[in-house]
Every structure is written in C-alpha cells, then in structure tokens.
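Just so it is clear, the structure is predicted and the values come from calculations on it, not from any experiment.
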Amino acid sequence: MATPFLFTGNEGIYESESWAGLKLIRGERHILLEAPAGLDGISSAVYGGGMRRVERMINIYVDRFYRCDNPERDIAESLKQWGIPTDHTAGLLTAVQLRHASVQEEQCADYSVLCCATAGVSNAARAGSRRTTFRADWTPGTINVMLAVDGRMTQAAMVNAVMTATEAKAAALHDLGVCDAENGLSATGTTTDAVVLGVSQRPDWALLHSYAGTATDLGGTVGRLVYAAVSESLRAAAAERA
C-alpha cells in the first residue's frame with residue numbers, strides 16, 4: 001500500500017505510486033484526476049454521470065451558499081475556464097474544503113486501486129429511517145468519492161464495487177460516531193453524497209473480476225481505501241476546528 005496523502009495546500013500534484021501516468025492535480029477550486037488512458041466509468045456525478053467512458057474526474061469546490069439552479073452548466077463553464085476538456089469528464093461539486101481531501105492507494109498482483117475522498121457531515125443522514133426528505137433538487141455533494149481501478153472488471157462487478165464503497169463509507173461514519181441529527185441514529189452517509197468509479201480494462205491484466213463485494217480481494221481493497229480516505233478527511237476537518 002502506498003503512503004496515504006492529504007492535500008493541505010492550495011495547489012499541487014499527486015502522482016500515483018502504483019499506476020504509471022495516473023495523477024491528481026490540485027487547483028485552487030478543484031481536484032482533477034487524470035488517467036493515462038480512457039476508463040470505463042460508472043457514477044452518480046451531476047456532470048457526465050451514468051455508465052460511460054471517462055478520461056478524467058473532477059471534484060469542484062463551491063461555497064455552501066451556491067445556487068444550484070444549473071450545476072451541469074456551471075461545471076461546464078468552470079472546465080472551459082480552466083482549459084479542461086468537457087468531453088469524457090465526470091464532474092462533482094462539494095462544499096467541503098479541498099485541503100481535507102484524502103488520497104489512498106493499494107496495488108496487488110491482479111489490480112491497483114486509488115481513492116480520493118472529500119468528506120463533511122453537516123447534513124449526515126441515515127438511510128432506511130423516517131426523516132425529512134425533499135423533492136429532487138440538487139445540492140453539492142458532502143462526501144465525494146473518486147475511485148480509479150487499474151484492472152479488468154465486468155459491469156456487474158463495477159456496480160458491486162460501488163456498493164462496497166458505500167458500505168465502507170457507512171462503516172467509517174459509524175466508527176467515528178457520526179449520527180443523523182434528526183433522529184440520533186448512526187448515519188450511513190449524508191443527503192448529498194456522490195461516487196465515481198473508473199476502470200482501465202487494460203488487457204495486460206489476466207484476471208477479469210466478476211465480483212467486487214467484501215468477500216473478494218478487489219472488494220476488500222476498495223472497502224479499505226474508501227474507509228481510510230473518508231475517515232482521514234473527516235479527521236482532518238475536525239482537527240482544524242479544534
């Protein structure tokens with residue numbers, strides 16, 4: 001496993017230790033993940049979401065008073081302003097300070113995985129309990145997870161990996177004692193979380209992963225990295241407030 005990394009400055013570059021050519025670029029208002037080649041993607045991203053080919057992922061900071069009338073337009077305009085291609089880009093918005101972004105990665109004989117997460121819990125919520133809900137208006141994501149897998153996965157395994165990532169996020173919140181403010185129950189996430197997963201599908205890898213649940217090596221890695229990244233991001237924010 002590579003050494004965990006925390007973006008603390010306003011700018012900088014993190015180059016993956018396990019995936020040649022993969023890098024994270026920190027700008028004043030964004031963190032850009034660029035892959036050395038296109039990825040098969042699945043995401044809940046407000047911009048470029050769904051199942052599609054992606055070449056980059058970007059997590060953009062907005063303040064908590066951001067008017068989200070047209071987030072897709074706002075992301076497209078920001079990408080153009082920064083000279084980042086608008087095609088094949090999955091874009092997220094967050095009100096979490098980017099200096100609290102955590103990067104974790106791990107490599108083994110059959111794959112490598114990198115996770116970058118920004119996490120805040122001001123609107124922590126528990127799925128499955130009765131609580132206040134709203135119509136489908138969009139607000140900036142509070143726990144945003146960007147996952148990149150250098151390996152081969154079926155589409156079913158990709159969905160499985162997103163499930164595992166979500167379970168790991170919930171476990172991190174539970175272990176940190178984060179609760180739903182409305183009912184006091186252990187939170188499983190926040191009301192505005194988002195996740196992006198990109199997979200290289202490089203033919204160099206012999207193994208095709210059909211599963212990525214907690215019983216699999218790949219699922220175990222995804223779970224560990226998401227748990228560690230979400231936990232570290234939240235601890236960094238808490239330490240700054242202390």
Side-chain angles (χ1 to χ4, degrees), residues 1-62 71-72 74-94 96-107 111-119 141 143-153 158 161-162 165 194-205 221-222 225-226 229 233:
M1 179 182 288
T3 303
F5 178 81
L6 193 68
F7 273 111
T8 54
N10 288 331
E11 296 182 357
I13 297 178
Y14 176 89
E15 297 186 9
S16 172
E17 298 179 18
S18 59
W19 185 347
L22 184 74
K23 58 186 176 181
L24 288 159
I25 303 169
R26 166 73 198 275
E28 184 179 356
R29 282 191 51 233
H30 67 272
I31 295 177
L32 175 67
L33 184 153
E34 285 193 332
L39 309 171
D40 281 358
I42 179 172
S43 79
S44 60
V46 65
Y47 183 92
M51 299 196 74
R52 62 178 66 192
R53 195 73 170 162
V54 296
E55 296 178 0
R56 64 198 64 80
M57 311 170 191
I58 188 166
N59 194 9
I60 300 172
Y61 171 77
V62 294
E72 291 185 77
D74 296 342
I75 291 174
E77 290 179 352
S78 293
L79 293 175
K80 293 174 183 175
Q81 176 185 342
W82 297 325
I84 299 170
T86 55
D87 292 338
H88 306 295
T89 299
L92 309 173
L93 295 176
T94 182
V96 174
Q97 296 291 334
L98 297 180
R99 62 180 173 272
H100 301 148
S102 172
V103 182
Q104 312 276 335
E105 61 176 318
E106 189 172 326
Q107 182 181 30
Y111 57 83
S112 67
V113 183
L114 180 142
C115 175
C116 178
T118 52
I143 300 180
N144 282 350
V145 174
M146 298 190 295
L147 279 167
V149 176
D150 188 15
R152 296 172 59 217
M153 300 176 69
M158 291 171 65
V162 171
V195 60
V196 183
L197 167 66
V199 184
S200 71
Q201 308 292 19
R202 288 196 302 123
D204 312 51
W205 298 101
T221 298
V222 168
L225 297 187
V226 172
S233 181

Does the pair V46 and I75 meet the rule for a side-chain contact (heavy atoms from CB on, under 4.5 Å), with working shown? CA-CA 9 Å; V46 65; I75 291 174; 3.5 Å; yes

Check: [Y] main-chain N/O paired with [X] side-chain donor or acceptor under 3.5 Å:
X: N144; Y: L93; answer: yes
X: S78; Y: A76; answer: no
X: S233; Y: A119; answer: yes
X: R52; Y: T89; answer: no
X: S200; Y: L39; answer: no
X: R26; Y: I13; answer: no

Would you name the heavy atoms of [X] and [Y] that are closest together and state the gap between them?
X: G151; Y: V199; answer: O-CG1, 3.3 Å
X: A90; Y: G48; answer: CB-O, 4.1 Å
X: A165; Y: L147; answer: CB-CD1, 3.9 Å
X: A35; Y: L22; answer: CA-CD1, 3.7 Å
X: V54; Y: G41; answer: CG2-CA, 4.2 Å
X: S18; Y: Q107; answer: O-NE2, 3.4 Å

Are there more than 12 heavy atoms of other residues, nucleotides or ligands under 6.0 Å from atom CD of Q81? yes

More than 12 heavy atoms from other groups under 6.0 Å of CD on E77: yes

M158 CE to I42 CD1 distance, which is reported to the nearest 0.5 Å: 5.5 Å

Value for CG (L92) from OG1 (T118), rounded to nearest 0.5 Å, stands at 8.0 Å

Non-hydrogen side-chain atoms of [X] and [Y] separated by less than 4.5 Å:
X: V103; Y: F7; answer: yes
X: F5; Y: C116; answer: no
X: R29; Y: V62; answer: yes
X: I84; Y: H30; answer: yes
X: L24; Y: M146; answer: yes
X: Y47; Y: I58; answer: no

Does the side-chain contact (heavy atoms from CB on, under 4.5 Å) test come out yes or no for Q97 and Y61, once each step is laid out? CA-CA 7 Å; Q97 296 291 334; Y61 171 77; 3.3 Å; yes

Passes side-chain contact (heavy atoms from CB on, under 4.5 Å), Y14 versus L114? Steps please. CA-CA 11 Å; Y14 176 89; L114 180 142; 3.9 Å; yes

Using the side-chain contact (heavy atoms from CB on, under 4.5 Å) criterion, which residues pair with E55? Sequence neighbours excluded. H88

Set of salt bridge (Lys or Arg N to Asp or Glu O under 4.0 Å) partners for R99, sequence neighbours left out: E240

Could you walk me through whether Y111 and T221 pass the side-chain hydrogen bond (donor to acceptor under 3.5 Å, both in side chains) check? CA-CA 10 Å; Y111 57 83; T221 298; 2.7 Å; yes

Take W205 and D150 through the side-chain contact (heavy atoms from CB on, under 4.5 Å) test and state the conclusion after the steps. CA-CA 9 Å; W205 298 101; D150 188 15; 3.1 Å; yes

Under the criterion side chain to side chain contact (heavy atoms under 4.5 Å, CB included), which of L32, I60, I25 is the partner of W82? I60

Does any donor atom in the side chain of S16 or E105 lie under 3.5 Å from an acceptor atom in the other side chain? yes

Check whether the side chains of N59 and T94 place a donor and an acceptor atom closer than 3.5 Å, and report yes or no. no

